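These numbers were taken from a predicted model, which means no experiment stands behind them. First listed ligand is number 1; within each ligand, the first listed atom is number 1.
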Amino acid sequence: MNNKTKWESNIIEKTMHTKDMVVITCSKPEGFTYKAGQFVQWDVPDKESKNGIVKRSYSLASSPHHENLSFCIKIKEDGKAGKYVTRMDKGDTLVFEGPQGRFCCNEETDESLFFIATGAGIAPIIGMIEDQLENKKTDKRIHLLFGLRFENDIFWQEKIDHLLSTYNNFSYQITLSRPEGTWDGLKGRVTEHLHEHDGNHSFYLCGSLPMVKDVREILKEKGVDMKSIHFEIF
Ligand SMILES: Cc1cc2nc3c(=O)[nH]c(=O)nc-3n(C[C@H](O)[C@H](O)[C@H](O)COP(=O)(O)OP(=O)(O)OC[C@H]3O[C@@H](n4cnc5c(N)ncnc54)[C@H](O)[C@@H]3O)c2cc1C
C-alpha cells in the first residue's frame, strides 16, 4: 500500500488548454503505481493554515502505462489550489499522497463502456479510456459523451480524434450547453443525449454533483441497474 506515502514529482510541462483549463504533466516518482481513474491528494502551500499546506484531490488524467503523470485542472481563480496552479511552473516540485479511489473500470463485466464527463470530469475518464484501448487492448465498445459549455471550452479534441481514428471500437460525442454562432455539433446538456443510446453498458460518470444526480436519475428511469453506474463527483 503506497497511499499514505508522500511522493515528489517534477513539473515537466504546464499547458493552458482554455482560459481556465490547464494540463500539468509531471514525472512519475519511482515506485508510484496507480489504477486508471484514481486520484491523489496534492499538498497545496497555504500560509493561512496551521501546517502551511492544504490538501486538494486531483484525478490522474494519465494511464498507468504512460511514462509521466498528468492532471487536468479547472482553475478557480479564488481557490487555494487555483492560485497555486496559476503560479506553478516547469521545474517546480509537486508533493502528493496516494493513490486513492475506486472510480476504476470493472473488468469483470462484458458490458460495453459508456463514459460521461463534463468539464474537468474528463480527467479520470480519459485515463480510463486510454488504459482500456492502448494498454488493455479491450475489444469492448467504448463511447464518450463529453459536455462543455462553449465551443472555446473544447480541449483534447486532437487526443480524442486520435483515439477515434485508431480504434474501431471507440466513438465520442461532444455536446455544448451554450453553443454560439457557427457550432453545428451536438447541443444541450449531456442529459439530453442519453435517450439516443440503448443496449447494456457500464456507465462511468464524472463531473459536478447536479450532473451526476441528473444522469443517474435518467438512467434509473431507463431501467439501468444502479450497479452498472459508477461515478466520481468533483
Ligand atoms: C476525488 C476528487 C477528484 C478531483 N479531481 C479533480 C480534477 O481532476 N480536476 C479538477 O479541476 N478538480 C478536481 N477535483 C476538485 C478539486 O479537488 C478542488 O476542489 C478544486 O480544484 C478547487 O480547489 P481550490 O483549492 O482551487 O478551491 P478552494 O480554495 O477549495 O475554493 C473552492 C471554491 O470557493 C471559492 N472561494 C474560495 N475563497 C473564496 C472567497 N474568499 N470568497 C469567495 N469565494 C471563494 C473558489 O473560487 C472556489 O470556487 C477533485 C475533487 C475530488 C473530490
Exercise for the section: Give the ring-plane orientation class for F155 versus H17, where under 30° counts as parallel, over 60° as perpendicular and anything between as tilted. Expected result: tilted
Practice task
Please check atom 41 (N) of ligand 1 for a protein heavy-atom neighbour under 4.0 Å.
Solution key: no
Practice task
Kindly state whether the ring of F234 and the ring of Y58 have centres lying under 6.0 angstrom apart.
Solution key: no
Exercise for the section: Measure the CD-CZ distance between Q157 and F146 for me, rounded to the nearest 0.5 Å. Expected result: 9.5 Å
Practice task
Would you check the N or O atoms of C72, main chain and side chain alike, for any that come under 3.5 Å of an N or O of ligand 1?
Solution key: yes
Practice task
Have a look at ligand 1 and work out which part of A123, if any, has a heavy atom under 4.0 Å from it: side chain, backbone, both or neither.
Solution key: side chain
Practice task
Under 4.0 Å, heavy atoms only, figure out whether ligand 1 is touched by the backbone of A61, its side chain, both or neither.
Solution key: neither
Exercise for the section: Heavy-atom distances under 4.0 Å are what count here, so tell me which part of Y58 touches ligand 1: side chain, backbone, both or neither. Expected result: both
Practice task
State whether any protein heavy atom lies less than 4.0 Å from atom 4 (C) of ligand 1.
Solution key: yes
Practice task
Determine, for K6 against D43, whether the closest basic-nitrogen to carboxylate-oxygen distance falls under 4.0 angstrom.
Solution key: yes
Exercise for the section: Look only at interatomic distance and state if G82 has a nitrogen or oxygen under 3.5 Å from any nitrogen or oxygen of ligand 1. Expected result: yes
Problem - Polar atom proximity, K76 to ligand 1 (N or O, under 3.5 Å) - result: no
Handout entry: D110/K140 salt bridge by N-O under 4.0 Å criterion
Key = no
Problem - 4.0 Å protein heavy-atom contact status of atom 8 (O) of ligand 1, strictly under - result: yes
Exercise for the section: With sequence neighbours left out, write down each residue that passes ring-ring contact (aromatic ring centres under 6.0 Å, His included) with F203, or none if nothing qualifies. Expected result: F114, H201
Handout entry: Any non-hydrogen protein atom less than 4.0 Å away from atom 50 (C) of ligand 1
Key = yes
Handout entry: Residue of the set K136, K159, H65 for which side chain to side chain donor-acceptor pair (under 3.5 Å) holds with E130
Key = K159
